[in-house]
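The structure displayed is predicted, hence computed values, not measured ones. We count ligands from 1, going down the list as the structure has it; atoms in each ligand are counted the same way.
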Amino acid sequence: QFSQWLELLPPSKKVTGLILSLGPLWVEFASFPCAYLGLLRVLRGAQILHELLRAPWLRALLRIYESLLQFQRAAPSPFLPYASGLSFEVTDRPSAEARELYNLLSSPHVQGATIKKDEETGDIYIARVIHGGLADRSGLLHPGDLLVEVNGSSVVGMDPEKVIQILTSSKGTILFKVIPNSAQVSINQKPVYMRAMVDYCPLQDSSIPCPDAGMAFSRGDLLEVVDQSDGQWWQARKLPCGASFAGLIPSASMLKSKQKEQWWGHPLQVHTCIRPCEVFIILSNDKKRRQSCTSCSPNNNALSSPYEEVALYQRLSQENHRLIILIGASGVGVNELRKRLIKLNPSTFQGPVPHTTRPIKEGEQTGRDYHFVTKELFEYMVCNHRFVEYGENKGHLYGTSLDAIDEVLKQGQICIIDVEPPSIHLLRSRNLKPYVIFIKAPSPERLRQTRRNARIITNYAINRAFTEEDFSELEETSQLIEAKYKQYFDSIVVNDDLQDACMQLCSIIQQSQNEPQWIPVIWLQTEEE
Ligand SMILES: Nc1ncnc2c1ncn2[C@@H]1O[C@H](COP(=O)(O)OP(=O)(O)OP(=O)(O)O)[C@@H](O)[C@H]1O
C-alpha cells in the first residue's frame with residue numbers, strides 16, 4: 001500500500017529506488033528528480049514516515065482510499081450503477097413524504113413490481129415487489145407505496161393498464177412520484193424450501209393477479225420460497241437456482257382451495273383396481289413378482305398438502321443409514337439390480353429377511369432365509385401394520401416387515417428394498433428417512449435389444465422370454481409410475497446396460513448416505529415437535 005501511495009505522489013516529489021532494510025527502518029534514496037539527483041543519503045525512516053504521514057495531501061488521500069474500500073465492501077444499493085446517485089438523494093431526505101425516483105426504471109426494464117388500483121379511492125398502489133428484480137434491488141419501491149405521478153402526469157384514478165402503457169412506451173428517464181407506505185414494515189424473510197407435490201401453470205390460472213409474473217412448476221421441483229408476506233401469493237425461485245428474480249406462486253392455502261374446487265368439479269373417479277391396495281405381491285416358488293397398481297391414487301388423500309417443506313440433511317456417521325427404496329415397473333429389473341448390489345458388497349448392502357407361514361425346508365435357517373412364523377402371529381402383525389407388503393402363495397403367507405428393515409439398519413448396513421409405489425407412504429418416516437430411486441425403462445429399442453435373453457416370471461409362467469406385449473406393458477407402466485410418483489423420487493436410474501445401471505446405482509446410494517440431501521423438515525423434528 002505504501003508503494004501505491006508513492007505512485008500517487010506529484011512528480012516533483014517522486015522518489016525512485018526506494019529500499020526498506022530490516023532492523024531500524026532505513027530508507028535509501030537512490031535518486032531525486034531535481035537538485036538532489038545523484039546524492040545518496042541515509043536517513044532515519046521513522047522521521048521520514050512521520051513527516052510524510054502528517055502531510056495534509058497524504059491524509060486526504062488516505063481518507064479517500066479508505067472510503068473507496070468501504071464502498072467496495074458494502075453491497076452497493078441501489079444495485080444498478082446508474083441508480084447509485086439515488087441512494088444519496090433518498091438518504092439525504094429520509095423524512096420526506098414524497099420521493100422522486102430518477103433513472104430507476106427505463107423501458108424495457110419496467111419489471112420487478114406490480115401495481116393495483118384501489119377501486120374506492122382510485123389510488124394506484126405498488127402491489128408487490130418481485131424479489132431479486134430491479135425494483136427490489138434498488139430498495140426504493142415497497143408494497144403499499146402510493147404511485148402519484150409518472151413523468152410529471154398524475155396517475156391517480158387511472159386504470160393500471162394505462163399506467164403500464166405509459167411506462168412501457170416511455171423512453172430514457174422515467175420520473176416517479178411515490179408516497180411511501182407509512183405502515184410499511186420491513187420484514188427480512190428467511191427463505192423456506194418446499195418440494196412441489198402438484199403441478200402448476202400460471203397461464204392456466206385465471207385467479208393469478210399477474211400471469212406474467214407467475215412461475216410454472218411441476219411435481220418434485222424444489223422451490224426456494226423467498227416471500228410469504230401475502231397469504232395468497234408467494235414469491236419463489238426454482239432450485240438449482242436459474243432465475244435471478246422470483247416468480248409468483250399460489251400459497252399452500254390458495255393451492256389447496258384450488259384443488260378442492262377441481263375435486264368438486266370432476267366426476268367421482270371410481271377406483272378400478274380390483275386387488276386390495278395393500279397386497280401387491282404374489283409369490284411363486286418363493287420368488288416375488290411385483291404387480292404395479294397404477295390406478296391407485298399416489299396419495300390416499302387426493303387433497304393432501306401441495307407443498308412439502310424440506311431442509312438439507314447430512315447423515316451423521318453414528319446415525320442409521322437411510323433406507324434405499326427401488327421403485328419400477330414389474331420386469332424392468334428392480335429385483336435383478338437389488339440382488340447384484342447385495343452380491344457386490346454384502347457387508348454394506350442387505351435386504352430385509354421376509355416373514356412366511358410356510359414350513360421350514362431342509363437346509364433353511366430361520367432368521368437367515370425367512371422368519372418362519374405361525375399364521376396367527378403373521379395375522380397379528382398384519383393387524384398391527386407391521387408389514388410394508390405381504391401376499392399369499394399356495395396357501396402360505398409371505399411379507400416384508402418394518403422390523404426386518406430395522407434389523408438391517410441396526411447392524412449398520414444399508415438396507416435396500418423394492419416395493420410397489422403406494423408402499424412409499426408407509427415407509428416415509430423420520431426413522432427410516434428413505435431415499436427413493438426410480439428404475440426407469442430405457443427407450444423401446446434399447447429395451448428390446450438388452451432383454452433379448454432375459455427371462456420373466458408372470459402369473460402363469462416362470463422364466464419365459466419377454467413378448468412384444470410384455471415390452472409394451474412395461475413401457476406403459478414405467479411411464480405411468482413416473483408420472484404419478486415423481487414427487488417422491490430422489491434419483492432416477494435408467495436400466496439400459498445392466499452393468500452401467502448397477503455402477504450408477506452404487507454411486508447414487510453412496511451419495512445418499514454421505515452427502516447433504518433435501519428431506520422433509522418433519523423428519524428432522526423430534527417426536528415432541
Ligand atoms: N438391464 C438389463 N439388461 C438385460 N436384462 C435385464 C436387465 N435388467 C433386468 N434384466 C432381466 O430382466 C428380467 C426381469 O428382471 P427382474 O426380475 O429384476 O424384474 P423386476 O423389475 O424385479 O420385476 P418383477 O418384480 O416382476 O420380477 C430378469 O431376467 C433380469 O435378469
Inset, instruction - Mind jotting down which residue pairs meet the side chain to side chain donor-acceptor pair (under 3.5 Å) criterion with at least one end in residues 375-387? Sequence neighbours excluded, please. - result: R386-D403
Inset, instruction - Could you point out which residue of Y398, F372, F387 forms a ring-ring contact (aromatic ring centres under 6.0 Å, His included) with H355? - result: F387
Legend entry - Pair R451 + D470, salt bridge at N-O below 4.0 Å: no
Atoms in ligand 1 flagged as close to [X], the criterion being non-hydrogen separation under 4.0 Å:
X    : answer
A329 : 21 (O)
L498 : 1 (N), 2 (C), 7 (C), 8 (N)
T450 : 3 (N), 4 (C), 5 (N)
S330 : 23 (O), 24 (P), 26 (O)

Legend entry - ligand 1-proximal atoms of A501, by part, heavy-atom distance under 4.0 Å: neither
Legend entry - Side chain, backbone, both or neither: D496 near ligand 1, heavy atoms under 4.0 Å: backbone
Do [X] and ligand 1 have an N or O pair less than 3.5 Å apart?
X    : result
D418 : no
D497 : no
V332 : yes

Inset, instruction - Determine the minimum heavy-atom distance between P306 and L255, stating which atoms define it. - result: CB-CD2, 3.5 Å
Legend entry - Heavy-atom pair with the smallest gap, counting every atom of M215 and G247: CB-CA, 3.9 Å
Legend entry - Residues forming a salt bridge (charged side-chain N to carboxylate O under 4.0 Å, His left out) with E515, sequence neighbours excluded: none
Inset, instruction - For atom 9 (C) of ligand 1, state which one of G333, A454, P442 supplies the nearest heavy atom. - result: G333
Inset, instruction - Only heavy atoms count here, so choose which of E420, R340, R455, R451 is nearest to atom 28 (C) of ligand 1. - result: R455
Legend entry - Interatomic distance, E407 atom CD to Q411 atom CD [nearest 0.5 angstrom]: 6.5 Å
Legend entry - Quiz item: cation-pi between R428 and Y488, 6.0 Å / 45°: no
Legend entry - contact_flag G331 ligand 1 heavy-atom lt 4.0 Å: yes
